[in-house]
Colleague: 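Here you go, one structure.
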Amino acid sequence: MTNPETKREITMLEAVREALVQEMRRDENVFLIGEDIGVYGGAFGVSKGMQEEFGMERVRDTPISEAGIAGACVGAALMGMRPVGEVMFMDFLTLMMDQLVNQAAKIRVMFGGKVSIPLVMRAPYGSGTGAAAQHCQSLESWFISTPGIKVICPSTPYDAKGLLVSAIRDNNPVVFMENKLLYKAKGFVPEDLYTLPISKGDVKREGKDMTIFSYGVTAQRSLEAAEILAKEGIDIEVIDPRTLKPLDKDLVIQSVSKTGRLLIVHEATKTGGFAGEVTSVVCESEAFDRLDAPIKRLCGLDIPIPYNRTLEKAATPQVEDIVKAARSLAIEGR
Amino acid sequence: MPVHTKDVSNELQLDPKIRKQIVQRLSKEKLQKMLEQMFLTRFFEENAEALYMRGLVHGTMHLSIGMEASPIGSIAAIRDDDYILHHHRGHGHTIAKGADITLMMGEFIGKEPGYCRGRGGSMHIADIAGRNLGATGIVGGGLPTAVGIGLALQMKKTDNILLCFFGDGATNEGSFHEALNMAALWKLPIVFICDNNQYGMSMAVERAMTVHHISQRAAAYNIPGVTVDGNDVLAVYDKVSEAAMRARSGEGPTLVENLTYRWRGHSKSDRNLYRTQEEIEEWKQFDPIIRYTGWLQEYKVLSEDEIDSIEQSAKESINKATETALAFPEPTPENLEAEVFAP
């Protein structure tokens with residue numbers, strides 16, 4: 001379990017900003033590009049104040065041209081720069097798909113491995129803000145199923161800073177998911193620049209009765225659920241992959257081999273979602289023989305996210321849903 | 001006669017006096033090199049087609065026979081250390097940017113020593129060391145990427161420029177609008193060059209857009225737009241030189257439309273149902289190689305014998321490259337997944 005040795009508490013939003021600022025001070029090839037990221041500070045305020053320090057060229061406001069932003073990142077990366085793009089909402093990655101999926105992800109192999117595309121596309125995702133069907137999606141599975149793109153989704157400020165720095169230094173296209181509700185969540189974060197390894201998951205809570213695999217905001221909800229169930233005598237291990245692609249399969253296999261039960265929780269819709277892939281990883285491994293009950297998936301409903309608060313909450317796994325699912329899984333097969 | 005054939009035969013043709021001035025400005029070496037590259041491109045593609053017919057090529061190809069003047073005249077107008085980004089019909093661009101024809105042919109046949117180690121094929125030939133940043137198979141897909149390349153050149157404060165090539169079809173994609181707007185806004189060092197061969201697969205330009213000339217679209221971005229007789233390598237050289245100078249001096253992009261015509265089908269599945277044989281024959285009257293050799297003789301740059309010898313030598317080079325490339329080793333499937341991510 002990662003516990004930074006610092007007493008400084010900052011929000012995830014501040015941690016993301018700190019990673020960007022410190023990397024931009026260190027490497028002049030790093031620059032930001034996106035809509036309203038300058039004086040406005042970005043739709044969520046991540047880049048607030050950064051244009052003052054780095055100027056309009058390195059914190060570049062663009063017209064509303066998502067394909068253009070993604071293309072600017074691909075082209076600049078092709079030339080050896082390290083662009084960090086911001087898409088206002090993950091939903092708008094749909095407008096960048098050609099540049100990300102057909103260009104960024106393919107160029108390296110298509111050109112015989114003679115170039116690399118070191119770009120980061122930061123993508124605020126998830127529901128809970130009342131922004132309805134076109135501003136609340138979790139679209140990670142599209143990118144997970146595209147060879148050539150890495151997908152990262154931190155659940156704590158500490159992970160966010162260390163992984164964003166690593167993403168910027170990585171020589172591949174990275175979709176970096178930032179949960180909107182977690183922007184205000186606080187955590188201990190060292191002031192110094194540090195990196196965390198990509199493709200290395202983290203045990204967020206140790207336990208022996210069951211494994212919950214989750215990332216982003218649902219990892220935090222899973223931790224809350226685990227505390228509630230601890231009072232009922234159910235000891236849950238919460239593992240957070242942090243990087244979804246390439247996945248730290250060993251972490252999943254080891255944890256499930258130990259606990260014998262697996263609940264996978266994510267906001268993204270269930271059908272064709274990442275939980276199916278994680279299930280297969282376990283089923284194809286030695287951990288399958290250790291299972292005491294069938295693997296369970298608790299995911300977003302297969303619906304467009306509704307506006308109304310009650311309906312919106314019903315669309316994705318909340319703490320009480322995780323408690324219920326985990327409680328039922330704990331006794332299954334006993 | 002299609003509208004655009006009339007354009008080339010009348011209004012677009014250079015005044016012979018201007019053409020003579022262009023020839024006089026250029027060295028014999030430069031003029032000869034352009035001719036060599038036109039022959040190399042023509043013979044490369046004729047060989048490619050023949051290999052395909054003989055069943056020696058696994059994949060697809062897009063031939064640019066009849067269109068050679070556009071890439072070759074354009075790329076002759078930039079420096080060796082400048083960059084190009086092009087498209088699926090990109091053999092001429094690759095040759096013009098100085099590629100090794102043996103490695104090109106190797107890639108076309110899908111061999112390991114080919115430019116992209118047999119992973120890209122005809123549609124994706126890139127020569128990164130030669131600053132040919134490759135060809136995209138997505139119509140209009142290179143345009144937003146060009147913005148990033150231009151941005152990097154500007155931010156690194158180089159005096160290099162980028163030629164971004166695309167077809168007429170690409171100008172109907174949304175990416176064209178986003179890219180030209182951004183490049184114009186930031187005065188990026190790019191020349192946007194449309195190889196207008198008048199058909200997006202089977203879709204005739206006049207059925208796909210209401211403007212008569214694609215260059216008119218430049219007005220939407222407040223940048224210069226010019227339509228050139230794209231089968232006149234000298235006219236292309238001249239107009240792209242002007243645009244390159246503008247890009248290099250920080251004044252921003254230009255949209256150059258090289259009006260040309262593809263003699264062959266779109267790709268191997270094309271049966272030419274959307275145009276007449278007469279139309280194709282009409283355009284063959286404007287063969288860019290025959291026109292150019294005519295002017296070179298007229299202005300006494302090269303004699304008929306010299307031209308014949310250049311032609312013969314290009315043919316031999318391509319035949320030799322083909323022979324060498326056919327004997328290249330095949331790539332092997334080990335470690336295919338390991339090469340997806342860069343270390």
Side-chain angles (χ1 to χ4, degrees), chain A residues 28-29 31 33 56-58 60-83 85 95-99 101-119 146-150 170-174 198-199 245-246, chain B residues 83 85 107 112-121 123-129 133-156 158 160 162 164 173-175 177-183 185-186 188 190 331 336-337 339-343:
Chain A
E28 62 178 16
N29 284 314
F31 71 96
I33 184 164
M56 292 175 77
E57 203 176 38
R58 290 183 72 201
R60 187 180 291 262
D61 279 319
T62 70
I64 302 176
S65 302
E66 284 81 9
I69 294 166
C73 291
V74 175
L78 198 52
M79 297 292 288
M81 298 193 76
R82 293 189 177 270
L95 298 160
M96 299 185 168
M97 284 309 251
D98 175 56
Q99 287 300 310
V101 174
N102 289 323
Q103 312 296 341
K106 305 291 188 288
I107 283 175
R108 176 175 170 75
V109 170
M110 209 162 77
F111 295 167
K114 292 174 185 173
V115 283
S116 56
I117 307 292
L119 74 82
T146 298
I149 294 182
K150 295 188 179 183
D170 196 89
N171 289 322
N172 297 284
V174 178
I198 293 174
S199 288
K245 172 90 174 276
Chain B
Y83 294 82
L85 190 70
E107 188 56 36
E112 179 69 26
Y115 266 115
C116 305
R117 304 176 56 223
R119 271 71 167 167
M123 202 165 13
H124 301 301
I125 301 180
D127 168 19
I128 304 298
L133 300 179
T136 181
I138 306 293
V139 171
L143 284 148
T145 312
V147 170
I149 296 165
L151 208 51
L153 292 173
Q154 189 183 64
M155 289 175 78
K156 284 170 181 273
T158 70
N160 288 125
L162 169 75
C164 172
E173 293 278 7
S175 59
H177 171 64
E178 292 193 23
L180 266 74
N181 183 53
M182 288 166 103
L185 191 64
W186 297 331
L188 298 181
I190 304 174
L336 271 180
E337 284 187 320
E339 70 186 32
V340 172
F341 287 119

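Every chain is numbered from 1 and lettered A, B, ... according to where its sequence line falls, protein lines coming before strand lines.
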Colleague: Under a 4.5 Å heavy-atom cutoff, which of B:Ile128, B:Leu143, B:Ile125 has the most pairs with chain A?
Modeller: B:Ile128
Colleague: Side chains of A:Arg60 and B:Leu151: closer than 4.5 Å at any heavy-atom pair?
Modeller: yes
Colleague: Rounded to the nearest 0.5 Å, how far apart are NZ of A:Lys106 and CZ of B:Arg119?
Modeller: 15.5 Å
Colleague: Counting only heavy atoms not in B:Glu339, do more than 12 fall under 6.0 Å of its CD?
Modeller: yes
Colleague: Of the listed residues (B:Ala126, B:Gly141, B:Gly150, B:Gly121), which shares the most heavy-atom pairs with chain A below a 4.5 Å separation?
Modeller: B:Gly141
Colleague: Would you indicate whether the side-chain heavy atoms of B:Met155 and A:Arg58 approach each other to under 4.5 Å?
Modeller: yes
Colleague: Say you draw a straight line from OG1 of B:Thr145 to CD of A:Gln103; how long is it, rounded to the nearest 0.5 Å?
Modeller: 5.0 Å
Colleague: Do you know which of B:Val147, B:Leu85, B:Ile138 has the most heavy-atom pairs under 4.5 Å to chain A?
Modeller: B:Ile138
Colleague: Counting only non-hydrogen atoms closer than 4.5 Å, does A:Pro173 touch chain B with its backbone (N, CA, C, O), its side chain (CB onward), both, or neither?
Modeller: neither
Colleague: Can you find a heavy atom in the side chain of B:Ser175 that is under 4.5 Å from one in the side chain of A:Asp98?
Modeller: no
Colleague: Would you mind reporting whether B:Glu178 and A:Ile69 have side-chain heavy atoms less than 4.5 Å apart?
Modeller: no
Colleague: On a heavy-atom basis, which atom in A:Ser116 and which in B:Ala342 lie closest, and how many Å separate them?
Modeller: CB-CB, 3.7 Å
Colleague: Looking only at heavy atoms and a cut-off of under 4.5 Å, which of A:Met81, A:Gln99, A:Lys114 has the most pairs with chain B?
Modeller: A:Gln99
Colleague: Would you check if B:Cys116 and A:Met110 make a side-chain contact, meaning some heavy-atom pair closer than 4.5 Å?
Modeller: no
Colleague: Might you point out which heavy atoms bring B:Trp186 and A:Ile33 nearest each other, and give the distance in Å?
Modeller: CH2-CD1, 4.1 Å
Colleague: As an exercise: rank B:Thr136, B:Leu153, B:Asn181 by heavy-atom pairs under 4.5 Å with chain A and give me the winner.
Modeller: B:Thr136
Colleague: So which atom in A:Ala76 and which in B:Ala152 form the shortest heavy-atom distance, rounded to 0.1 Å?
Modeller: CA-CB, 4.1 Å
Colleague: Side chain, backbone, both or neither: which part of B:Asp127 has an atom under 4.5 Å from a heavy atom of chain A?
Modeller: neither
Colleague: What distance separates B:Leu185 CG from A:Thr62 OG1, expressed to the nearest 0.5 Å?
Modeller: 9.5 Å
Colleague: Among the options B:Pro343, B:Gly140, B:Ala179, pick out the one with the most heavy-atom pairs lying under 4.5 Å from chain A.
Modeller: B:Pro343
Colleague: At a 4.5 Å cut-off on heavy atoms, which part of B:Ala129 comes close to chain A: side chain, backbone, both, or neither?
Modeller: neither
Colleague: Can you confirm whether B:Leu336 is buried at CG, in the sense that more than 12 heavy atoms of other residues, nucleotides or ligands lie under 6.0 Å from that atom?
Modeller: yes
Colleague: Chain A: which of B:Met123, B:Arg117, B:His124, B:Gln154 shares the most heavy-atom pairs with it under 4.5 Å?
Modeller: B:His124
Colleague: Output the distance between atom CE (A:Met79) and atom CG (B:Leu162), rounded to the nearest 0.5 Å.
Modeller: 8.0 Å
Colleague: Counting only heavy atoms closer than 4.5 Å, note whether A:Glu66 contacts chain B via side chain, backbone, both or neither.
Modeller: backbone
Colleague: Per the side chain to side chain contact (heavy atoms under 4.5 Å, CB included) rule, which among A:Val109, A:Asp170, A:Ile149, A:Asn172 passes with B:Phe341?
Modeller: A:Asn172
